[in-house]
Protein chains: 2
Amino acid sequence: MTAPTRRERLRTATLSEIKDGARRLLVTGGIEAVSLRAIARDMGMTAPAIYRYFPSLEALVVGLAGDLYDELRQEVEAARDRSGPDPAGQLLEMCRALRRWAVGHPAEFTLIFGNPVPGMIEFADGCGDPDHPGARLGAVFLTPFVELTRGRPLPTPPAELLQERLGGHLAPLAANHGPLPIDVAYAFLSAWTRLYGLVAMEVFGHLGWAVDEPEALFETELISQLRQFRPAEPGDALPEGGARH
Amino acid sequence: MTAPTRRERLRTATLSEIKDGARRLLVTGGIEAVSLRAIARDMGMTAPAIYRYFPSLEALVVGLAGDLYDELRQEVEAARDRSGPDPAGQLLEMCRALRRWAVGHPAEFTLIFGNPVPGMIEFADGCGDPDHPGARLGAVFLTPFVELTRGRPLPTPPAELLQERLGGHLAPLAANHGPLPIDVAYAFLSAWTRLYGLVAMEVFGHLGWAVDEPEALFETELISQLRQFRPAEPGDALPEGGARH
DNA sequence: TTGACATAGTAAACGGCGTTCACTCAAATG
DNA sequence: CATTTGAGTGAACGCCGTTTACTATGTCAA
């Protein structure tokens with residue numbers, strides 16, 4: 001672990017300047033505004049110079065996406081750590097943090113959670129690796145979720161039905177995050193897809209026909225969903241109890 | 001209503017040939033493969049000729065998106081009509097038809113339901129109009145959903161809570177599809193975002209870390225969701241009843 | 001200290017892109 | 001038949017990613 005030589009310092013500085021420029025272009029003009037020539041122009045360089053740092057524009061974008069995953073994960077972890085020890089409260093704040101980041105950084109969210117641009121397809125395919133930034137983000141949510149649901153009956157279809165329909169198809173999840181009870185696995189995937197659907201529809205502008213304040217829908221949905229995991233108490237009118245009258 | 005002149009016939013033929021070419025490129029190479037030059041090349045024309053039919057590439061893409069919305073809507077309507085009169089069965093088949101179309105036409109689904117490409121932003125913004133192709137697709141789902149839930153308590157948070165949190169923000173929905181009971185409106189939006197989340201995550205490759213057969217998860221989720229709207233019967237173990245033991 | 005090598009950057013070029021403009025030619029119109 | 005309208009062409013402009021050959025400059029060993 002020796003001190004970085006002068007060249008190394010310059011190299012890392014240039015590298016982060018490239019990434020910063022790429023992100024600035026992403027934010028201001030969307031993914032299609034990110035071009036090697038524009039980045040180089042902003043840096044007072046010529047485009048081919050960037051090939052000393054990235055083998056292609058796609059590789060640069062993939063690298064940027066990895067950084068964004070990490071940034072989002074740190075944001076979510078910070079929200080969890082600010083919250084108390086209650087896993088339900090942690091999940092609530094984590095979901096809020098996810099949405100806050102997505103709404104505040106729509107271009108960045110779009111890059112990592114939207115339809116994959118060319119280079120991102122391989123990146124998305126690689127998320128079978130537990131070290132993949134996407135898998136690591138998922139793990140942050142999974143941990144308090146498992147704690148929340150531990151040893152508690154879940155509002156899912158019966159385990160036999162889950163086993164029959166889903167049992168043979170959860171190998172990737174188990175490979176990434178270890179074996180899980182099937183009702184926990186299903187409940188987590190259900191919650192995750194709901195969260196994704198809400199946030200993605202808002203960020204992509206697919207909710208404008210219905211609501212003028214997507215945050216209200218998000219909060220309502222969040223509370224409704226978390227209620228389902230509260231322990232049942234006598235005289236406690238669970239939301240879905242309405243169907244029982 | 002006179003017979004179309006020769007020029008008019010040629011014009012509409014060329015116009016649909018352009019759209020066909022655009023779609024072929026979309027399917028084979030994704031949205032970024034759709035270029036005026038490529039379309040014209042395939043037609044044995046030069047690129048500027050297309051400007052006689054569309055003012056820009058963006059306008060062409062938006063026109064294509066409108067066609068795709070209509071195609072998907074017709075597919076969903078056909079599934080509804082093939083199903084029986086039971087609204088729950090209709091919704092089941094409609095959701096399956098939506099997913100089937102999305103999985104079978106990932107590039108087309110991505111165009112209309114993914115993150116908006118430049119020209120699509122204005123298109124998505126225009127969905128406040130009931131004649132907007134997106135609004136019309138939503139209406140097809142809303143009708144049997146309203147029928148299914150008519151005069152029946154719904155598995156939602158209490159209406160007072162919904163009213164407080166969501167009441168003031170559903171104006172666009174009411175403007176597009178008329179006034180709805182707030183629990184019906186919320187339940188529909190909740191179901192719609194869940195459906196979107198599931199299908200979009202599958203098509204965009206965001207489920208590979210968890211399941212190797214997204215259809216199994218889709219079917220499980222669909223059944224679980226539709227069960228919540230069945231009328232409660234004595235001795236009938238509803239899925240969420242598991243939390244009550 | 002000097003020579004060899006590795007590295008960062010440049011300039012020019014290739015092909016592709018959307019778009020504009022001036023132009024041609026055939027169809028429609030009177 | 002003369003005129004106007006519309007479809008299509010060809011050349012050009014300025015973008016883009018990428019490759020190639022080339023030039024400095026930092027690094028390091030003899």
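All chains are named by letter (A, B, ...) in the order of the sequence lines, taking the proteins before the strands, and each is independently numbered beginning at 1.
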Non-hydrogen side-chain atoms of [X] and [Y] separated by less than 4.5 Å:
X	Y	answer
A:Leu60	A:Tyr51	no
B:Asn115	A:Asn115	yes
A:Tyr69	A:Arg136	no

[X] [atom1] - [N] [atom2] separation (whole Å):
X	N	atom1	atom2	answer
A:Glu17	C:dG9	CD	C1'	14 Å
B:Met45	C:dT24	CE	C1'	16 Å
A:Leu36	C:dG9	CG	C1'	15 Å
A:Arg37	C:dA11	CZ	P	12 Å
A:Arg9	C:dA8	CZ	C1'	16 Å

Checklist entry - Does a side-chain N or O from B:Arg11 land closer than 4.0 Å to OP1 or OP2 of C:dA28, or not? => result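 No, outside the criterion.
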
Checklist outcome for this item: DNA chain D: first to last nucleotide in contact with chain A (atom under 4.0 angstrom from a heavy atom), 5' to 3', is D:dC16 to D:dT27

Next on the checklist: Go nucleotide by nucleotide along DNA chain C from the 5' end; which of A:Ala47 and B:Val34 gets its closest nucleotide reached first?
Outcome noted: A:Ala47

Next on the checklist: Between B:Arg23 and B:Asp20, does any NZ, NE, NH1 or NH2 come within less than 4.0 Å of an OD or OE carboxylate oxygen?
Outcome noted: no

Checklist entry - Is it true that A:Arg96 and A:Glu93 have a side-chain N and a carboxylate O under 4.0 angstrom from each other? => result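 Answer for the salt bridge query: yes.
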
Item to check | Within residues 48-67 of chain A: residues closer than 4.0 Å to DNA chain D (heavy atoms) | outcome: A:Pro48, A:Tyr51, A:Ser56, A:Leu57

Item to check | Donor-acceptor side-chain pairing of A:Glu71 and A:Trp101 below 3.5 angstrom | outcome: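 Yes, a side-chain donor-acceptor pair sits under 3.5 Å.
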
Checklist entry - Any donor-acceptor pair under 3.5 Å linking the side chain of A:His206 with the backbone of B:Phe113? => result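 Indeed, once roles are kept as given, a pair shorter than 3.5 Å links the two residues.
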
Checklist entry - Would B:Ser83 and B:Gln90 satisfy side chain to side chain donor-acceptor pair (under 3.5 Å), going step by step from the backbone distance to the final call? => result CA-CA 6 Å; B:Ser83 179; B:Gln90 288 181 352; 5.7 Å; no

